[in-house]
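Below: one structure, written as structure tokens.
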Amino acid sequence: MFSIASLLCIIFILRAASQDVCDTTDQASREDCHPEPNAAETTCRARGCCWHKVDQLGIPWCFRPQSKSASCSIPDIARGDCHPEQGASPTTCAARGCSSQRYEVPIDTPKVLSKASSTFYNYTIVGNPYVGLKVSRKSSSSVVFDSTVAPMTFTDQYMEITVAVPTSNLYGLGERTGSLKLKPEDGPKVTFWARDQPPDPDKNLYGSHPFLLGVESDGKAFGIFLLNSNAMEVGLVKTNPVSVNYKTTGGILDFYVFLGPSPDDVIQQYSEVIGKTMMPPYWSLGFHLCRWGYTNTANLRLIVDDMRKKQIPYDTQWVDIDYMDSYKDWTLDPNNFNDLPNLVNDLHSYGMHFIPIVVWPGNTVFPDFTHPDAGNYWYTHAKAFHDQVNYDGLWIDMNEPANFVKGSLTGCTTGTNDDPPFVPPITGDMTDKTLCTSAQQHLSSHYNLHSLYGHFEAKATYETLMRIRGKRSLIISRSTFAGSGKYTGHWTGDNHSTWADLIYSISGIINFNMFGIPMVGADICGFAGTVDVELCTRWMQLGSFYPFMRNHRDRDGDGQDPASSMFTSTLPIMKKALEQRYRLLPYLYTLFYRSHIDGKPVIRPLFFQFPQDPKTYDIDRQFLWGSGLLISPVLVKGATTVTAYLPAGNWFDIETGVESMGGTHVFDAPLSKINAHIRGGVIIPTQDHDVTTTRSRVKDFTLLVALSTTGLASGELFWDNGESYGTTGGQNNNFIEFKAENARLTSTVVLYDYAVKMTLGSVVIYGVHSRPTIANFNGHHVPFTYDSNAKVITQNLRFPYNMSCSVLLQQNSIKQSLAHYNDREKKHVLYYQA
């Protein structure tokens, strides 16, 4: 990790701003300094750029020179002109932030206390051709960050810097809708300004995450993070090397550069800056159901009862704004939803959970969540409502913040905060569908804090629910910023019931895992539009592999819950997808543990696991759970096959165990099937499914062992009570490692600190190419079956992981009983001999 924040003042002082360069009339030496419409001399000069009223065609020019040939004789390194146009004075200089403390993003980041004793990088401050910074790898001399390729502009409300990077394999920059890989050859521009905007391509959406990840030709990865919350545009240009152009309306240029070298390493290093992700409650990994349009409690109860009657796995019921009294937060409609508390209690008695929405009620004021008293204010109202309706989490929506008038009912000012000299190409303007940017908040103006509104609401909500419930809750926020994953998950917003939205959901979910918010999903079947049975069925299959799985739609269309009569013919398919998800939840939960502890993404693109395989760089219609499970969904209407790329190695169909080697394959994919493959070398812990996680958590475990071509495999399982805080610090949890080698499967209890019965019911081993003659478990013969076609061994064991330790736990403290473990009690060995 490398931060140049400490060097920013130096860079700003060294900025070239010579007036002599404006004397050039050579158009080939000019770079456009005002690419957006309505250039004027005032705004041009404010950027420190040159202004020619007309060129040979009678067109005005706002430009900076691209060449040093016309430069004045004074070296750039000796200049620090912060007011290049005429009329400089102490007043105008201070107004540009040149004499005062500038706004910086008010989120916690690590404080650098000393210089590292050794680094993986070199850096140099360069004064020619333009003043800037170069960061390179020591291992390869590859320059991963070079800001010397163009001059930098630094004024109060406009800053611009261009950074050259060594590859065109670039990812990230969000929130956005589109392909996973950014395409510099198309000159994409990503705009950052939180907005109530359906997730359509080329729009600035709900969140702001100016994080970029690149993969070089040798497979080494790097990351660049600009910690800036102001309105911003980031453009990519296919130069040699590729250039990344940043333009922002305020703040500072606080860059972090991450050297990896693997993509996973980059995300881990990024998480060290923005914070590790929250550990979700286990129940939140189940299936969630919601819609806008539950007219009353009786209508909602019919849905709940129908889901139960049809034995559809289902953990959490949500409600949209229908439940409120005149759409006011923290209220209950006394006529239509007066019985909601009883329904919630019924859900709890069935082992289920309940989450309501919090959203603005119409004519309103917005809490300032940066104010030190906002937490108590939020807690007071949330607690009073929780006393009435015993909810288990909160859905915080419309928190960009969204507004149905422009700025306010009384309008906005005509000052430069509401009407700044530069506005990135956002949808509308900076006050459209939101607050006046001149509005003053506790920490700064809304001009600076706008894209942080949802972040600070999520933080206040997280702290509030800790106080109210005393155990892990689920928070899902629409607007997010870098670091929001410490407090909240996210859904990708008000999407459409289209195949394109189904496709885009994959890259959106991968992106948010890179952004440090792994608890993410899209509204399954689409929020708006006409529901299509085939599309919804395929979406339920894909959604069963979202980290956050919720089916949600608006009030205008037909209901799309799985129990709906619309899906009578495909209900068995939907149930099959849900049952498969519930079986895989121990593996998913362990991936969330890794994300919480190490910062590793839960969902990953293929190139994260195979960064040296160029064929993986463009793939965004397949994805991985962790390193071990590859999902290849059908994303085309009417398709009954799917073309999937399997990187090098061996892969096993999760249902049949049939083995495939690396390469491009066309797999059968009837409507009843989504293709998922376990990578050879991985062991995945699973558990028998049930209709809720409360009931499935007490079922038997099964290990799916996918042997590599050399007969090796490994895996792990994290297990706790699923909802307490503080269980991931080495107490009140179990941690078990699995390893297969030399025809032996070893289960090692690394930590047994959670007194609950855990039973290993069976083991399934893929990739056993000859029938074993014997199988024994801890020295005892066990029966097994062998599928000679699929090359799969299955053993039924019914073995308790806590074994004799359960007796010791009853008699002694946990620490004492751990001391009594011997190797045989900690290691359980399944042996089979061919």
Side-chain angles (χ1 to χ4, degrees), residues 1-12 15 97 102-110 112 123 132-135 144-150 152-155 157-165 170-176 182 184 188-194 204-205 207-214 221-237 242-259 266-267 269-275 422 424-426 447-452 455 480-484 511 514-517:
M1 183 183 76
F2 181 78
S3 170
I4 67 170
S6 60
L7 303 177
L8 288 174
C9 291
I10 298 174
I11 295 174
F12 294 158
R15 180 174 64 87
R102 290 190 61 79
Y103 162 78
E104 297 186 36
V105 178
I107 65 173
D108 293 332
T109 55
V112 178
Y123 75 91
L133 181 76
K134 288 186 177 182
V135 181
V144 299
F145 183 100
D146 182 1
S147 67
T148 69
V149 294
M152 182 178 69
T153 301
F154 183 73
T155 65
Q157 290 185 281
Y158 178 81
M159 291 184 292
E160 181 178 3
I161 186 171
T162 300
V163 176
V165 295
L170 298 172
Y171 311 85
L173 297 180
E175 182 173 4
R176 62 184 176 86
L182 294 158
K189 294 181 179 180
V190 182
T191 307
F192 301 81
W193 184 250
N204 52 297
L205 304 182
S208 180
H209 296 271
F211 170 77
L212 182 71
L213 184 143
F222 64 90
I224 299 174
F225 170 47
L226 173 55
L227 180 54
N228 185 294
S229 63
N230 289 84
M232 186 191 315
E233 173 195 303
V234 180
L236 273 62
V237 183
V242 173
S243 294
V244 186
N245 178 256
Y246 296 85
K247 299 175 183 175
T248 184
T249 63
I252 65 172
L253 298 177
D254 190 0
F255 281 96
Y256 291 81
V257 180
F258 309 101
L259 275 298
V266 171
I267 302 304
Q269 292 156 7
Y270 180 45
S271 75
E272 294 292 336
V273 172
I274 64 172
F422 166 74
I426 60 178
Y447 180 89
N448 294 320
L449 295 170
H450 168 79
S451 290
L452 284 162
H455 174 86
T480 59
F481 188 77
S484 292
N511 271 329
M514 288 195 288
F515 298 155
I517 307 180

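Any value given below was found using the heavy atoms of this structure, including those in side chains, with hydrogens, waters and symmetry copies removed. From a predicted model like this one, the values you see are computed outputs, not experimental measurements.
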Working to the nearest 0.5 angstrom, can you tell me the gap between [X] [atom1] and [Y] [atom2]?
X      : Y      : atom1 : atom2 : result
Arg102 : Ile252 : CZ    : CD1   : 8.5 Å
Asn230 : Gln157 : CG    : CD    : 9.0 Å
Arg176 : Leu182 : CZ    : CG    : 4.0 Å
Met232 : Trp193 : CE    : CH2   : 11.0 Å
Leu173 : Leu212 : CG    : CG    : 4.5 Å

(request) Go through the structure and list residues passing ring-ring contact (aromatic ring centres under 6.0 Å, His included) with Phe222, not counting sequence neighbours. (result) none
(request) Please identify each residue that fulfils ring-ring contact (aromatic ring centres under 6.0 Å, His included) with Phe211, with sequence neighbours left out. (result) Tyr270
Does the side chain of [X] reach to within under 4.5 Å of the side chain of [Y], using non-hydrogen atoms?
X      : Y      : result
Phe422 : Glu160 : no
Phe258 : Ile267 : no
Ser147 : Met152 : no
Pro425 : Glu233 : yes
Val105 : Asp254 : no
Ile274 : Phe225 : yes
Leu452 : Pro106 : yes

(request) May I ask you to check whether Asn511 and Glu175 show a side-chain donor-acceptor distance below 3.5 Å? (result) no
[X] (side chain) donor-acceptor with [Y] (main chain) under 3.5 angstrom:
X      : Y      : value
Asn228 : Gly250 : yes
Tyr447 : Thr249 : yes
Ser229 : Leu449 : no

(request) Test Asn245 against every option in Val149, Leu236, Thr162 by the side chain to side chain contact (heavy atoms under 4.5 Å, CB included) rule and name the one that passes. (result) Thr162
Shortest non-hydrogen contact between [X] and [Y], atoms and distance:
X      : Y      : value
Gly251 : Met159 : O-CE, 3.2 Å
Ser208 : Phe481 : O-CD1, 3.3 Å
Leu133 : Thr148 : N-CG2, 3.8 Å
Ile426 : Asn204 : CA-OD1, 3.5 Å
Ile107 : Ala482 : CD1-O, 3.6 Å
Tyr246 : Val244 : CE1-CG1, 3.6 Å

(request) Over 60° means perpendicular and under 30° means parallel, so classify the ring planes of His209 and Phe515, tilted if in between. (result) parallel
